[in-house]
Every structure is written in C-alpha cells, then in structure tokens.
Amino acid sequence: MIEAPETWLPTAIAGLVGLSLAVAVVATAWPRQAHRIGLFGALAVFAWVLGLSALFVAAGPEAEAAATRVALGGWEAPLGLMLHLDGLSMTLLVLTAIVALATSLYSLGYIHDRIERRQFWPLWLWLWAGLNMLFLSGDAFNLYITLEVVSLSAVALVAFTGTAAAVSGAVRYLLINILGSLSFLMGVVLLFGEHGVLDLVLLEARSEAGPTERMAAVLMTAGLMLKAALFPLHVWLAPAHGSAPAPVSAVLSGLVVTGSFYLLLRLWMGVFAPLATPAFGILIGLLGVAALIWGSAQALRAGRLKSIVAYSTVAQFGYLLVAFPLMLVDPDAWRVVVFFAVVHALAKASVFLAAGTLQHAAGHDRLAELGGVLRARPRTVFALGLAGVSLMGLPFTGGFIAKYLLLEAGLGTILAGSVIGVLWVVAIAGGGLLAAAYVLRMVAPAFHRGPERAGEAVSPWMDWVPLGLATVAALAGFAGTLTLHTLTLTPGAP
Amino acid sequence: MDGGWLLLAILFSSLGPGIAIFFLPEHRHRLRITLNLGGAGIKLALVGVLLAGVLRGDEYQFSLPLMPGIDLVLAADALSLLFASLSAVLWFVTTVYAIGYLEGSPRRSRFFGFFSLCVSATVGIALSGNLITFLIFYEMLTLATWPLVVHRGTPAALRAGRLYLGYTLTSGLVLFTAIVWLTLLAGAEGFTPGGYLGDLSETHALSLQVLFVLLMIGFGVKAALFPLHSWLPIAMVAPAPVSALLHAVAVVKAGAFGIIRVVNDVYGAELAIELGLTAGLLVVAAFTIIYGSIQALRADDLKQRLAFSTVSQVSYIILGVALAGPLGIIGGLVHLVHQGITKITLFFCAGNFAETLGIHRISELNGIGRRMPLTMLAFTLGGLGMIGLPPLAGFVTKWHLGLGALEAEAHWVLGVLVLSSLLNAAYFLPPIIRGWLGERREPWHEPLRDHAGPTRFETHWMLLFPVVFTAVLGLAVGLFSGLGLSPLGWVSLIVQRDYSLPEFSL
Amino acid sequence: MIANTLTVILVLAGLVFFAAGTAGLLRFPDVYSRLHALTKADNVGLGLVILGLMFQAGGPADILKLILIWVLVLAAGTTAAHMVAQRTWTHGEFESDR
Amino acid sequence: MSLLLVIFDLVLLAGIIGVAWRCLASTDLFRAVVLFITFGLLLALAWVRLEAPDIALAEAAIGAGITGALLLVTLERLRSIMAERHSGRPHTPPPDPSGPHALLRALHDPPPERHSFFPALIFALVVGSLLVTALWHQPQSTGLEPVVDAHMDVSGVDHPITAVLLNFRAYDTFLELAIVLIALLGAWSLGRHDLIPARPAPGPILPGTLRLLVPVAIVTGVYVLWAGSHAPGGAFQAGAILGAAGILLVLARPRQLPMAPGIPLRLGITAGVALFLLVGLYGLGAGHGFLGYADAWAYPLIILIEVAATLSIALTLVALFVAGRPAGDDA
Amino acid sequence: MNGLAELAHTLAPGLLYPTGGAILFAMGLYGLIRRHHLVLRILALNIMGSGVFMVLLGVAARGEGPPDPVAQALTLTGIVVAVSATAFALALVVHLTRLTGHAVMLPGPPDDDAPVEDISREEHHADGGPAAPHPDQDRNP
C-alpha cells in the first residue's frame, strides 16, 4: 500500500457517501441520460465498495479497537455527525453493492420505455445511496433521516407500475413506513431527552436499564419491525412486494428489509444491550416460529409467483427472529444471523429477478398458467431453482452453510441446557422443508409435459442476471469464513 | 494437499461436461455424445490412476475451508476407491445405454446435464473425507436425481418425484441435524478406520445411541431400509437408464455406503457392538431382506419386481456391515459391487424388453428367448447370479456372509440367508423359464423398429452392447474373484488394512 | 410608563373587536353575514392591537414591519372573503353546514 | 409571573389537544382539514412559547400553510374525480345505500364502527401513559446548548440554529433537502399533471391581488433568508414563503402554468442539493472532511447553499402542489 | 402561595409540553387505527409527528439557559420531512382514487390474489397521457 491503509480509510468512507449521492443527484438533474448515468454510477459505486472492503480488511482494526469513525465536517461526536464503519456494516455494504449492481443491470433490460426510464433511475439511485448511508450512519437522528430517504424512494418505486394494485400497495406501505419512522423518532427523542447525546457509541456508553431506555426500546423496535415486516407487523409486505416491478421487489425483499433488521441488531447489541432479557428473547423466538409457519402456509396457498416469493420473505425473516434467543445464550451467534441474512438477501433477490423475467415474458404471473413459459425458459427456471435451493439450505449454496451455523448455535443452546432450544432447532430445520415445498411449487410446472410458449422477447440482461446472482448466492457458501472473519471486526459486539 | 488435484479432476471430469451440456442447444447431438462419453472415459482413466496410486499406498488429500474449523475434505482410501471405481465403470456403460435409449426423445440436454451432476455427486460421496463433505454430496445427489425421476413429465412421474423428495429431504434434514450434533460433540474429524468416537462413549453413551438411530434414519431412506423404502418402487416410473444407474447403483449404494462409513469409520466396529447398535441394525436388515423378497414375489410388473429385489439386496450389504466381524464386512462390501453389476444387467434387460418389444409385465415374457436371445441370456445370468449359484457373484457374497454370521455367532442369520436365497429363486426363476420355454403364438409388436427402422441385431446396438458387457462382467467377477484386482480381492485388502489381519484369502 | 398603559388600553380595545367578530361568527345565520363579521371586526381589532404594540416596538423599522403585517392581513382577508362569497354564491351553501 | 405563563401553557395545550381531537373525530373531510390548519397555527404559537421562533415560522409557513393548501387541493381533486366518474360513465357503481351521496363518497368517512373502539382506545392510552411516565422520569438537564455556544465563533454565522443546520449537522440538512426532492420525484413518477384535474379559481379578484402580494412575498422571502444568518429565519422558511407565492400564482392562472419547460425546472429543483453536494465534496477534497468548510469560508459558503436551497425548496413545493409531471419533462 | 409557585415550578415547559406531545402522539395513533379514510389517516400521522416535535422542543426548553439549538434544528428537519411525506402521500391518494374510485384503505391484510378494482383500464386518454394498459396484461414497463 502507498501508506498505512488506516489513513485512506476515513476519506474512502466519506467518499463512498459522496459518490453514491453524486450519482443520484446527477441522474436527477439529467433525466434523459439517467439510465447511462445509472449504469456507470452502479459500476463506480460497486468498485468503490470493493476497494473500501479491501482497505478495511487490510487495515484490520482489532475487534476491541474502536471501529473507523469519520467526523463529518470535522465536528466531533456530541456536536457533529459521525460515520461509523465496522465489520457488520462493511459486510452489509458489500451485500448491498452486489445485489444493487445485479438489479441495476437487470433494470437496463426491464425498464426500456423512454419516459419510464427517466423516472425509474433517479429514484433507484437515491434508494441505493440511502442504503449505503444507512449502513454507515452512527448517529440516532441521522438513522431516522436515512430510513426516511430509503422508505420514500422505496414507496415511490413500489407505485412505479401505476396499476391499481401497485398504488394501493404503495399507499399502505407508505403509511406503515411513516408510522414506523415516527415511532423510531419518538424513541430517539426519548433517548436524547435522557442523555442529551445522539451519537450511538456515546448513547451506548451512557445507557442503563431505566424507564426511558425501556420505552425507547419498545418504540424503536416496534418501528423497525414495522419497516422490516417482521411477523406480527408484516401486513404490508405481500401486496407491496407482489405488485412492484421485479427489480424493485428484489431490492425491497433483499436489502431494504435487511437494512431494518440490521438496525434492530445494531440497537439491541449496542444501546439496548442491558435490556435484552431471556424472556424477551423467547418472545421474539416464538414470533419467529409463527412467522415461519404463517409465511410458508401463505406461500403454499398464494396463486401468483411474486406473492409466493413475497410471503417467503416473511417466512425467512422468521429465521432471523428465531435466532434472537440463540444470541442471548451464545453471544457469538449474532455473526451467524448476519451471515444468514446476507445469504437470504442474495437468494431472494435472484428469485425475484427470475420471477420478474417470467412475468415479463408471460405478461402475468399467475402460477397456474405459467407452465408454457417455464418450459420455454430453462435458464431462468434454473436460476429460480438454484436460488430456491439456497433458501432451502441445501448443499453447495450459502444457505446450507448459514443453516449449518444456525443449527450449530441452536444445538449449542440445547447442550448448554436450555429446553426451549429444541423448539428453535425444530423451527430452523423444519423451515427448510417448508421452503422446499413452496420452491418446488414454483419449479415443478417446468417439468410438466406440455407445449412451450416463449412469450414476449426478453432482453439478454433479464435472461442472464438472475442466473449470475443465483450463482453468487450459491458461491456465498465458500465465502463463509471470510464473511464471519470480517464480522468479528465489530467492537462492542458481545 | 498432495495429489488433491487428481481427486478434483475426477470430480470435475463429470461436473464440467455436465454444466457444458446444460447450455447445449437441443439439436447438437454429436457434441453432446462426445462430451458425455469423453467425460466418462476421462473419469474411468483417472480412477484407474487413482486405483494404482492407492494400491501403492500413496496418500491423496484435498481440503477447502468452508466454515471456521470445518473444511470440505476429499480423501481417497481403499474403501472410497471401491465405490468410486464401481460408479465410474457403470456410469460409462449406462451413458452408452442412455444415449441409445433416449434416441429421438425431447429435452436430452437437460437429462444428460443432471445425469452428469448425479454421477459427480456419487463420486463426491465416494471420495468424501469427513461427515460434512459426505452430507454435502449426499444432499446434492437428492437434488440432482429429482429432475431425472420426473424427466418424463407425466403426472405419475411428478407424483413419484414429489414422494421421492418428500422422503429424501425429510431424511436429509434428520441427517443434517444429527451430523451437526455429532460435530458439536466430537469435532469435525475425518473418517478414521476404527472410528474417532472412542473417548466419548463413557460420557455421552445415550446421545451416541440416539445419534446412531438418527443417522440410520437419514441413510436408511436412500438405502431403502424397511419402513423408509416405499419411494423406490414408485420411482420406477423414471426412464430405464435412470432406474438402472440411480436406483440400482448410485442412490441406493450412497445410503449403504453412508452406513458403512458411519459404522466402520465414525463409530468403529467395537464401539458399535458395545453400544448394541449393530444388533438393532442386523434385525432391521434381515427383516428388510425377507420383506423385499416377498414383495418382489407379488409384483407382476418386471421393474417393480426388480425394485423390490433391490430393496432386499441392499440390505445384504447392511447385514454384512451389521455383523461387524472382518468376514461379515468382506461379504457386505463385496456385495456392494456384485449387486451393482448384476442389478444393472437386469435393469438393462428390462429396459430392452420395454423399449424394443413394449413388454413391461412378466406374464408377457413367453418365448422372448427366441426373439431376443442375447438379452434373455444376460437376464438369466443376472437372475442366477442374484440367486447365488456357485460360480456367479451372488454366491461369493452369500458365502462370506455365512462365514461372517458364524464368526459373529449369529446363527439365525444363516437361516435368513438360506430363506432369502429360496425367495430369490422363487421370483427370478419364473421369468427365466417363461422366457426360454414359454411359447408365443401371436407375432411380436415392434415399437422400436417402427420409429428407428430395422437393426442388424435383436435391438439397437447401443442398447445391446451394455447388457452384454455387464453380464460378462458379472460372470467374470464371480469366476475370477480370487485375483487381487477383483472386487473380492480389493475388499479383503480394505479389511486387511482396517483390521490389520494377517493376509488371507478364500 | 404612559406607553405601557396606552398599549394595554389599545390591545384591550382590539380584543373587544375580536370578541365581537367571533360572536358574529357563531351567531349569524348564513355565510355572507358571517364573512362580514369576521373581516370587518377582526381587521379593526388587529389594527388596534398593532397600534398598541407600536409603542412597545424598538425602532422605526419595527413599526414599519408592524404596519406591513396589518396591510398584508387586510389584503389577504378581503381576497379570501371575496373568494368564499363567490364560491358560495355559485355553488350554493356548503354541504356540511347544519 | 411564571404562574400566568403556566396558565397560558395549560390553556394553549388544552386548545391544541381539543382541536386535534375534533379534527380526528370529524366525519366531513373539509371540516377536518380546516381544523388541521387551525391546529398547525396553534402549534406555531406553542413553538413561540417554547422560545423557538424559527420553528414557529416554519410551522406556520410549512406545517399549516403549505400542508393546508395541499390538503385542500387534494379534496378538490377527489371531488372532481368522483364527479367525473359519477357522470362520465353509464354503468357507475350504485351509490352504497348507507353512505351519503356517492359523489361525495370520497369526501365523507362514515363514523368508524363501534367494535374497534375499545382496543384502539386501550392501546393508545397504554402508549400515551408509558410515554408520559418515561418523560416524567427524565432529568431536567440542558441539552447541547453549551457545546454549540462554545463553537459558535468558528461556525461562520451568529444564529445557533442556522449554525447547527448548515455547519455542525450539515449532513442531516442535506438529506432533508434530498427527501423533499425524492418526494417530488415520487409524485412525478405517478403521472402527468393533466391526469390530475385542477379547476381554475374564477373571477379577476385573485389575479389582481396577486399583482400586489407576489412582489411583497418575494421581498419578505429574501429578507427572511438574509436574516437567517443572525436572527430567526433561514432557507426553509424563505423557501416556504416563496413556495406559497408560487402556489398562489398556480391557483390564479392554472391555464398558462408558469411551469418552466422540462430542463430548467429539473435543474432548478436539483440546484439546492447539487450545490450542497459540490461544497461538501470540495470540503472532502480540501481536507476539512465531507461537508466541512474552512473557517474563513464558512459564511459565504453557507449563504451560497442557503440561496440555492431556498430556490429549489420553493420550486419543489410548488411542483408538489401541482403533483404531476410537467409535459416538458417528457419531451 | 409557595405551593402555587412550587407547582408552577414543577409544571415547567420542559415537562408540560413533552406531556402534551405524548398525548398528541397517542391521539394520533388512536385516530390512525380508527379512521379508514386515507386523508384522515394522513392527518393523524401529521398530528403524531407534531406530538413528537412538541416533545423534542419541550426537551429543548429544559434547564434555565437558552433552549438547545440542536433539538430545534432537528425539529425543523422533522417538519420539512413531514411535509414532503404528506405531499407524496396525498399525490398517491389522488392517483389511488383515480384508479380505484375510493380513497379508503380497508383494515386487515388484503387478499393479494383478488385484483384491486382497476377502473382506469376502461378510461381512454385523449392526449398523450400514458395509454390505458391492456386489461389482461399486468402493466409492467
């Protein structure tokens, strides 16, 4: 390296924020070329994130040392805003870059109408910038603002197709998002009222299990569960993801929902750590089990391809909830949960993109009448199957490794004597079977004997990107050790 | 890492062409055939090189870090060579057969793609060095076989596929949980002859027993042990090459091979006996043998009968392993090869009858000997081999199993062997007799000639050559079992290395 | 001292006018009469309050600002009253009126 | 003296809560909107009481003014859409017997049914009481005022709120401008403005008064922007005032919309965000950290950003009022 | 008298207004759950937002010295975010009414398979507005 990587890291972090914002602003200002700006911007941000991750791993701050924190505008913590980069946010930034690049390439083919292109790309680039800022933000109020940026652009993209179903899904999604944000903001205000500081690290240092923290925890967790559509508050997810354009639903299910989960994790490991009681963990775990069962049942019943995948998001997030109690017993299990979320995001995004290609070709996505198109497009069905296998947690996919680690954590809790651990292990194991059921439901028609109907022509992007992303999801298995190592570089984690 | 590249090369010799075939457009027949046969040929050659290496006693090891503390390990020892060489040889033969069988049928790129994936998984299972790698390839085999079972796309095929997945995925899950639990207890050790759980037996006796039961459920489905076998007859809906290679060799043997690995290289024979595990396994295997034979008797459809015969034959292998003595293991292991060769011959014959003359039921076999003498001869050889007539392969197995039973003082097992041989005769002799001696008045209905045109031999040459080859191979394995390189010779080498017994032969 | 008493007196007078305007709003039967009450009474009330506040104002700039406020409210009030009256005249009474 | 203030506070709070309750409980939407505007103005009064004149200005201009205008124009659009659907199509759905005239179905919300009353009330009471208890346990400590005061000399402006907004926490303000822009992009992505009917206000009176009012509004807006650096005021309040003037223009002459053709309008709305980002990136390059200014250059840069922000906020608010893509944008 | 003064001291704005804000927040939440018309729900959300800002400004006014400028700056940011979210929500509601003929969001999870009543498909647009999508074809770009 030219000099020690540490000196380059802060500028690289702020540079990432600057670059992704610049791309979004230029695309908004120059809509005619928005798609070209979008493509080059996507590649530039992707390259920058990879460079940043190389720098981060090379710099390799020991887990105890403070994560890399950048004071914006030169103003230190209590007064100014701090950007915060550690193992957890680095992993999710790389995930976002991969899925976002794939979605951008896919959108080149999916949105080819001249006028719609001008509307789609600026919103999409703002969403991506919002996600990057969300993972880097280290200030409570700034988290609220970045959540708003992400939510507004996500809602605008959901309503993009302009059909009645899309707009009604978008309105419901927007109202729930605003409610979630206000609840989150009230939590932030309570914390500010108590401690007079907004920076997460300073808050963590000062927080103890008082009434304010308890109420703030309830409000912020409820707000984020609304946004992450975690089980009891998941009502908006299926109509919104089901009727949005394919690249949007891929990002929604893959990244936006994972972003809210990331925030929950960050808060419960940091500011609200003293509040995490075993009883609370078991409650969350039970919610997770309910989510698994309800989501899979709905997925088995839904008639439309995208609805099945949307319900499977609700189900798969049940896994993350089930893993919460595991984290309370075995503190090291949080890395496994994050790895599962990463693998799920990759697999879910490629399933949605594949479903989008099929819908575009067939003109509709009613599963009963998709046989012809499924038979005519083996490449897309293979992508759907491969990503589905990763959702099931079967070998040669990231899902398998994630499920192995989750099971290991679950069994570890049983060996450590917690009886309820058996329920978690059964849920984790059973979840894979349920996933197998609804993935089979999507893939089986391709093997029925019957006429082939190629349907509309589909651009090469839409043909190959799902397969590419599905392969990346499968190869994520081999990146297991590297990801888990990066995650260890998270100070303050138990 | 020395020699690791050879193991990888063997694995990719079928994975590479497989993936390439996936992307081949349907009409590129010639390129697909060359890719297929090329891959099979290379794999055969590489396995031969590996065979020579292992004979010389070199070490082959390849490992890739998957998770902190757990690696994907490929290793070649004598036992893995046994299964790897069996699947390499039979895959070559079955590829030729499949090309002939699927002449003119649609979606062959997809078929051969998944076909190659299956064999890579099988070879992966053979070469895996620890339980986790075994599990990875084991589950991959499930996923790769499902599209072949449902290849025809008929509602019956899809129902069979759904049942097949139901059984195998559930058992895979049980296996997955058991392996994670075992790795938690004993750490991610490689397969070591004599087992690596020795020190755990005092503290975790009960959990080891529960684990063993779970592992047996996990492997039992694929090894078609009694309560978990019902998917096998129904999966006969698949095309003949699939039932021949997969349900006679790859899938079923994977289950049996798993049980062999667990009993010998995870628990170790002494610990298995001490915990009373082999006794339970013995009873289940014996019951399956009898149950399979009885069901085969009642089945009139030829492939159903062969399927149920497979159910019982595989349990011979498990019976041998469950006897846990050196002689018993020799019987079990050698039957792994013998049963593979003879059963594949029988399935090929069944395929030929169905493909050439459209005959599926045993009652329609009258006088087929005159119309298709070579195939009928192969069927006879296979049938007699199964029954266990002296010069053929079956006899060698049953002889050693008997010795093993005596050695383990389980005399009732002898009774089971005798009874099952009689039952074998009961369900194999009628089709043979009917084939040769039965007279048939009305002319043969010839579906193959209608669409493929007349052929010099009794059927398409690509269908005939594999049948003859495997029949002769079956005969040779029986006759020349004394040689060093014969399956019996190789198996005694394996046992001699594991049990460090003095050199001895039949 | 005088300035404070003058302010109090003027502001109180202004408040009286505001009270009258509100009473008119509540008591008058239809839209037009209520508009009269509001615009007339409240504007005068505001004028008196602003006059009162002028004595408290710091310098001439503040006095001018106060007058500007009064002029703007006058302009806005009259336009709004006209618009409401015209709409009621063309579209009839508001549905929601009891 | 403080006793009087407490009484004033209690009366004001009672008024605010009362108006809010009436607004939520009203069945007629027009009544709800008017009550909401009153609620906004009372809130502005409360912010003045809490010594936050900037926020009172913003609340009155944005909270009550712009939001009120948006709500009123939405009601107008709902009414004309329902009217057009009611008359425009022969097989209109039969007006549901229970509700009032179908034409106004969109403008009336029948009183909510009884059965969901009790759980909702309990839930709200629980949340409210938990919040109040948590707040009562909090120490009455001053917040970050001393810290801000210590850095005021370096911030380039004299008014603490502008210093926080545009210097110490400039990143938040940047994202806030971005959110306004995204809301507009979202509204534009839904459709063209000819999809959304907007009846012109009849009569010559409004255009006439506008000739008087608009220049005064522009002067006031610029004054508020200028005053922001040393007294309550600033980009957002000025932007709201100019936006209000723009909305009045839109109401007065909807036929010849003063909307500029596509490109200049697009540049106008992104000016604020673009300039802010440019200054930020320059700061990153020059070593002051992202969105950081050299002390000497702080004041001029802040003023520059504020002017651009005011321009784009005003344009965006007007465009949000029109809520449809201009035809020029699609050319 | 000191009882009253002491009462006045306790009911300082730093405590009174946050309580008022909490009440507004709860009232807005109640309104959001109870009322089904979208415009009323948007109003309820705005009232909840104002509740949060009242708590924040109340917190800012705590202590003797001048109020905390950071809290006030946050409130200003919050107000602007609230107005942009409301503007976008209202635009969505107008389009929803144009497409489906009603502006009421029915409670409970919608059955996503039943297609929402899409009136726009019969409407034909004289000028160059986006063509009405083909009834069967799900209008994806």
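Here is how names work: the chains are called A, B, and so on, in the same order as the sequence lines, proteins then strands, and each is numbered from 1.
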Taking every non-hydrogen pair under 4.5 Å, which of W47(D), F168(D), F236(D) racks up the most with chain E? W47(D)
Could you look at V39(E) and say if it's the side chain, the backbone, both or neither that has a heavy atom under 4.5 Å from chain D? side chain
So which residue, G234(D), C23(D), A163(D), A20(D), ends up with the most heavy-atom pairs under 4.5 Å with chain E? A20(D)
A26(E) versus chain D, the contacting section by heavy-atom distance below 4.5 Å: both
Could you tell me which portion of T86(E) (side chain, backbone, both or neither) has an atom closer than 4.5 angstrom to a non-hydrogen atom of chain D? side chain
Can you tell me which portion of A71(E) sits under 4.5 Å from chain D's heavy atoms? Options are side chain, backbone, both or neither. neither
Criterion side chain to side chain contact (heavy atoms under 4.5 Å, CB included) against P69(E), the qualifying member of D149(D), L165(D), I161(D): I161(D)
Would you name the heavy atoms of S84(E) and V180(D) that are closest together and state the gap between them? CB-CA, 3.8 Å
Quick check on L12(D) against chain E: is it the side chain, the backbone, both or neither that has a heavy atom closer than 4.5 Å? side chain
Which residues share a salt bridge (charged side-chain N to carboxylate O under 4.0 Å, His left out) with R169(D), sequence neighbours left out: D139(A), D172(D)
Can you tell me how far apart CG (L13(D)) and CD1 (I23(E)) are? Round to the nearest 0.5 Å. 7.5 Å
Side chain, backbone, both or neither of A87(E) within contact of chain D (heavy atoms, under 4.5 Å): both
Heavy-atom contact with chain D under 4.5 Å, split by part of L92(E): both
Below 4.5 Å from any heavy atom of chain D, which atoms of L90(E) appear? Answer side chain, backbone, both or neither. both
So which of G128(D), A52(D), G63(D) has the biggest tally of heavy-atom pairs under 4.5 Å with chain E? A52(D)
Quick one: are R35(E) and L24(D) in side-chain contact, heavy atoms under 4.5 Å? no
Can you name the closest pair of heavy atoms from S50(E) and F39(D) and give their distance? OG-CE2, 3.6 Å
For residues T97(E) and R77(D), determine if any side-chain heavy atom of one lies less than 4.5 Å from a side-chain heavy atom of the other. no
Heavy-atom proximity to chain D below 4.5 Å, by part of L43(E): both
